[in-house]
Number of protein chains: 2
Amino acid sequence: MTAQTRRPLTLRDVSEASGVSEMTVSRVLRNRGDVSDKTRQKVLDAAKTLGYVPNKIAGALASQRVNLVAVIIPSMSNMVFPEVMMGISEILDDTPLQPVVGLTHYKPEREEAVLYEMLSWRPSGVILAGLEHTDAARAMLAAAGIPVVEIMDTDGEPVDAMVGISHRAAGRTMGEAIVAAGYKRVGFLGTKMPLDHRARKRFEGFTLALAKAGLEIADQEFYAGGSALVKGREMTEAILNRTPDIDFLYYSNDMIGAGGLFYCMEKGYDIPGKLGLAGFNGVNLLKGLPMQLATMDACRLDIGRKAAQIIAAHALDGDGPEGERVTLIPDITFGDTLRPPQG
Amino acid sequence: MTAQTRRPLTLRDVSEASGVSEMTVSRVLRNRGDVSDKTRQKVLDAAKTLGYVPNKIAGALASQRVNLVAVIIPSMSNMVFPEVMMGISEILDDTPLQPVVGLTHYKPEREEAVLYEMLSWRPSGVILAGLEHTDAARAMLAAAGIPVVEIMDTDGEPVDAMVGISHRAAGRTMGEAIVAAGYKRVGFLGTKMPLDHRARKRFEGFTLALAKAGLEIADQEFYAGGSALVKGREMTEAILNRTPDIDFLYYSNDMIGAGGLFYCMEKGYDIPGKLGLAGFNGVNLLKGLPMQLATMDACRLDIGRKAAQIIAAHALDGDGPEGERVTLIPDITFGDTLRPPQG
DNA sequence: ATGAAAGCGCTAACAC
DNA sequence: GTGTTAGCGCTTTCAT
């Protein structure tokens with residue numbers, strides 16, 4: 001057992017232990033430039049026996065390079081952002097870049113604070129959810145001089161690049177499918193979140209599609225907090241009791257949709273004959289339910305991948321195109337709860 | 001529109017714009033020391049109009065202080081670690097400390113790499129899952145000279161502090177409850193993960209409890225990858241077909257348990273009369289299912305909170321006790337799928 | 001209440 | 001292939 005040093009080890013310690021200059025030690029540790037095998041081995045040995053861990057703070061300051069990518073998302077609690085993260089990691093794992101995540105809980109002022117905090121670490125790029133930000137946040141992003149990718153949503157103007165789906169189009173597509181299936185009395189169940197712009201846009205597209213067919217939302221329910229499964233069940237019970245002639249329920253996410261589906265199955269509703277249901281997101285978790293809920297895949301994995309690729313291209317190989325815009329098209333899944341289009 | 005500077009702004013820019021020395025600007029921006037209100041206002045104005053974002057890299061190097069806490073966990077894909085994260089954030093939100101997470105995917109060598117990477121940013125503390133690490137990882141932790149909290153599991157020796165539950169005891173408790181309820185032919189369904197030490201320890205405790213009552217595992221099934229809900233369903237079908245006289249199924253997590261529960265309900269099994277089921281974790285998501293699965297809460301929120309408190313105490317208020325050990329006791333939930341103890 | 005000097009641990013750029 | 005010098009942008013310490 002060697003004596004414990006309270007002061008963390010520095011390059012100088014390795015330099016002294018190996019009898020090689022600090023500069024050469026630095027080169028070895030970063031695999032940079034030409035170093036003779038003999039010197040390299042001496043340095044590696046010394047570093048290992050000492051247990052040296054480089055100080056990236058100092059390295060970053062000296063090199064003006066930080067291999068961090070700031071990822072700013074609303075939450076981790078439903079499965080959607082974790083899946084985006086997987087796409088991001090999948091790409092960044094093949095690069096020296098590392099994602100660092102910050103959560104906003106759907107609050108603009110928190111997003112601003114998190115962004116400020118992250119930018120103060122001078123990351124190589126920023127990936128953040130949504131196109132709606134405070135003026136200050138947009139100003140910071142524009143001034144940061146690093147690639148910025150806004151993800152999830154493409155209904156609006158990005159600061160720099162954007163990758164996502166059109167939630168307005170997604171809502172419209174589902175609305176059209178419901179109309180085509182012949183449902184007439186459509187109820188909507190969603191979250192009470194004025195700041196969830198993507199849910200709002202889906203709702204707008206959805207009502208628009210219904211309106212084109214001369215339909216209006218027959219009834220609606222909103223919730224906040226609590227277990228989504230339980231809330232879905234409760235809201236479904238409420239809306240079906242209040243408006244018994246409803247023949248379709250559109251849920252703003254699959255989790256409340258699943259709760260509603262359980263309720264309807266227990267009550268013995270004829271699905272999708274007399275009552276249809278649909279959610280949004282294509283949550284993998286839910287495969288394996290007794291009945292497959294109609295839904296729409298939000299392309300989360302691909303969004304994460306593409307966003308990371310854009311950042312990586314700029315941060316590493318100089319820079320690719322500026323202000324790239326990628327709009328993915330979500331697939332609709334009819335499952336067992338939405339009739340296919342009627343003749 | 002002011003002209004875009006590619007070079008990020010520095011303290012010097014704010015100093016020049018406000019006509020105040022860099023030192024005083026620095027003091028204002030950190031609310032340190034005495035600065036006259038007039039000067040303070042001048043500086044704040046200048047910083048805001050310029051859009052200055054401090055460089056924490058430089059700040060950290062100069063002050064030898066980094067308000068980051070490294071959190072190293074296996075995965076984000078089931079709900080357990082996100083919930084631990086919530087506990088951690090809840091506590092750290094009231095401090096200047098910020099969590100930074102790294103994922104290991106249950107691979108020791110990846111844990112070692114992630115740890116090395118994180119330590120190179122010189123965080124104020126480390127929280128990591130489990131007590132099993134590579135020798136190199138343990139050496140790094142011991143040498144880092146910062147508080148280290150190993151979480152989730154308390155069946156073993158920590159490097160420094162530990163907070164968790166005894167998974168061996170948890171398995172034993174569930175085994176005893178099953179025995180007390182009078183079930184005799186018990187099947188086990190779990191993940192094929194030799195490196196999930198906590199699942200292994202639960203299994204050990206479980207079989208021990210059965211053995212004490214003269215029982216052995218009647219049959220078992222393991223899975224890897226795929227949707228847990230689907231796998232739970234498939235494994236349950238397989239085990240019940242192969243060993244029809246089974247009267248209890250113990251699942252290593254609630255998600256596969258839920259899949260199994262669906263299968264059994266569809267097939268019309270008499271639950272919990274002729275067939276009992278239990279999972280592990282108390283996943284909130286699952287409240288709202290048609291039937292409540294027996295389970296055990298792993299105290300995830302409390303683990304996160306307590307771990308963060310230990311780090312905060314050391315990093316901020318000098319240091320608290322060294323090597324603190326906190327063992328939480330998980331609650332058992334009988335739900336609708338496990339009979340209460342038989343007379 | 002404010003400023004000047006020194007240096008945190010590393011790397012870029014240039015010698016040799 | 002290796003070493004030297006000069007900072008990176010802040011904060012610490014000490015002076016005023």
Side-chain angles (χ1 to χ4, degrees), chain A residues 5-44 46-47 50-67 96 117 119-124 144-145, chain B residues 5-44 46-47 50-67 96 117 119-124 144-145:
Chain A
T5 330
R6 220 55 323 208
R7 169 182 67 73
L9 296 162
T10 69
L11 261 192
R12 170 177 226 104
D13 295 310
V14 182
S15 164
E16 284 169 0
S18 60
V20 175
S21 79
E22 284 185 46
M23 197 53 234
T24 300
V25 172
S26 168
R27 279 194 270 255
V28 170
L29 266 21
R30 289 175 298 143
N31 302 306
R32 273 279 202 303
D34 295 311
V35 181
S36 73
D37 277 349
K38 205 176 57 187
T39 322
R40 149 169 275 100
Q41 209 46 59
K42 261 196 300 192
V43 170
L44 256 21
L50 290 176
Y52 172 70
V53 176
N55 184 331
K56 289 220 181 186
I57 308 263
L61 184 61
S63 67
Q64 307 276 63
R65 226 193 317 282
V66 180
N67 285 330
E117 183 70 24
L119 286 181
S120 74
W121 287 101
R122 300 287 185 268
S124 293
Chain B
T5 329
R6 218 63 312 216
R7 169 183 66 73
L9 297 162
T10 69
L11 259 192
R12 171 177 223 103
D13 296 308
V14 182
S15 163
E16 285 169 359
S18 62
V20 174
S21 80
E22 284 186 46
M23 198 50 239
T24 301
V25 172
S26 168
R27 278 194 270 254
V28 171
L29 266 21
R30 289 176 297 141
N31 302 307
R32 274 278 203 303
D34 295 311
V35 182
S36 73
D37 278 349
K38 205 176 58 187
T39 320
R40 151 170 272 102
Q41 208 45 58
K42 262 196 300 193
V43 170
L44 256 21
L50 290 176
Y52 172 70
V53 177
N55 184 331
K56 290 221 177 181
I57 308 264
L61 183 61
S63 66
Q64 308 277 62
R65 226 193 317 281
V66 180
N67 284 329
E117 183 71 25
L119 287 181
S120 74
W121 287 102
R122 300 285 185 269
S124 293

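Proteins come first, then strands; the chains are lettered A, B, ... in the order of their sequence lines, and each starts at number 1. Heavy atoms only: backbone and side chains are in, while hydrogens, waters and symmetry mates are out.
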Enquirer: For the backbone of Val14(A) and the side chain of Ser18(A), can you confirm whether one donor and one acceptor N or O come within less than 3.5 Å of each other?
Expert: yes
Enquirer: To 10°, what angle do the rotation axes through the five end pairs on each side of the helix from dA1(C)-dT16(D) to dC16(C)-dG1(D) form?
Expert: 30°
Enquirer: Rounded to the Å, how far apart are Leu11(B) CG and dC8(C) P?
Expert: 19 Å
Enquirer: dA1(C), OP1 or OP2 - any side-chain N/O from Thr39(B) closer than 4.0 Å?
Expert: no
Enquirer: OP1 or OP2 of dT2(C) versus the side-chain N and O atoms of Ser36(B): is any pair under 4.0 Å?
Expert: yes
Enquirer: Would you say that more than 12 heavy atoms from the other residues, nucleotides or ligands in this model lie under 6.0 Å from the CZ of Arg30(B), or not?
Expert: yes
Enquirer: I want to check something: taking the side chain as every heavy atom from C-beta on, are Thr10(B) and Glu16(B) in contact at a cut-off of under 4.5 Å?
Expert: no
Enquirer: Rounded to whole Å, please give me the gap between CG in Leu61(B) and P in dT12(D).
Expert: 12 Å
Enquirer: Is there a side-chain contact between Arg27(B) and Thr39(B), using heavy atoms and a 4.5 Å cut-off?
Expert: no
Enquirer: Indicate yes or no: at least one non-hydrogen side-chain atom of Asp13(B) is less than 4.5 angstrom from one of Arg7(B).
Expert: yes
Enquirer: Restricting to side chain to side chain contact (heavy atoms under 4.5 Å, CB included), what partner residues turn up for Asn67(A), sequence neighbours left out?
Expert: Pro96(A), Leu97(A), Ser124(A)
Enquirer: Do the side chains of Val20(B) and Val28(B) get nearer than 4.5 Å, heavy atoms only?
Expert: no
Enquirer: Ile57(B) has an atom CD1; how far is it from atom C1' of dT11(D), in whole Å?
Expert: 15 Å
Enquirer: Counting N and O atoms only, with roles assigned by atom type, does the side chain of Ser120(A) sit under 3.5 Å from a partner on the main chain of Asn55(B), one being a donor and the other an acceptor?
Expert: no
Enquirer: To the nearest Å, give me how far apart CZ (Arg12(A)) and P (dT5(D)) are.
Expert: 13 Å
Enquirer: For Tyr52(A) and dC10(C), is the shortest distance between a side-chain N/O and OP1 or OP2 below 4.0 Å?
Expert: yes
Enquirer: Which listed nucleotide (dG9(D), dT11(D), dA12(C)) is nearest to the side chain of Ser63(A)?
Expert: dA12(C)
Enquirer: In this structure, how many angstroms lie between the C1' atom of dG9(C) and the CZ atom of Arg65(B), rounded?
Expert: 17 Å
Enquirer: For DNA chain C, which residues of residues 17-35 of chain A approach it to below 4.0 angstrom with any heavy atom?
Expert: Met23(A), Ser26(A), Arg30(A)
Enquirer: Starting at atom CZ of Arg122(B), determine the distance to atom C1' of dG9(C), rounded to an integer number of angstrom.
Expert: 9 Å
Enquirer: Taking only N and O in the side chain of Gln64(A), is any of them less than 4.0 Å away from OP1 or OP2 of dC10(C)?
Expert: no
Enquirer: Both Ala58(A) and Arg40(B) contact DNA chain C. Taking the nearest nucleotide for each, which residue is further toward the 5' end?
Expert: Arg40(B)
Enquirer: Given side chains that start at C-beta, do those of Val25(A) and Tyr52(A) come closer than 4.5 Å, heavy atoms only?
Expert: no
Enquirer: For Asp37(B) and dA1(C), what is the distance between atoms CG and P respectively, to the nearest whole Å?
Expert: 10 Å
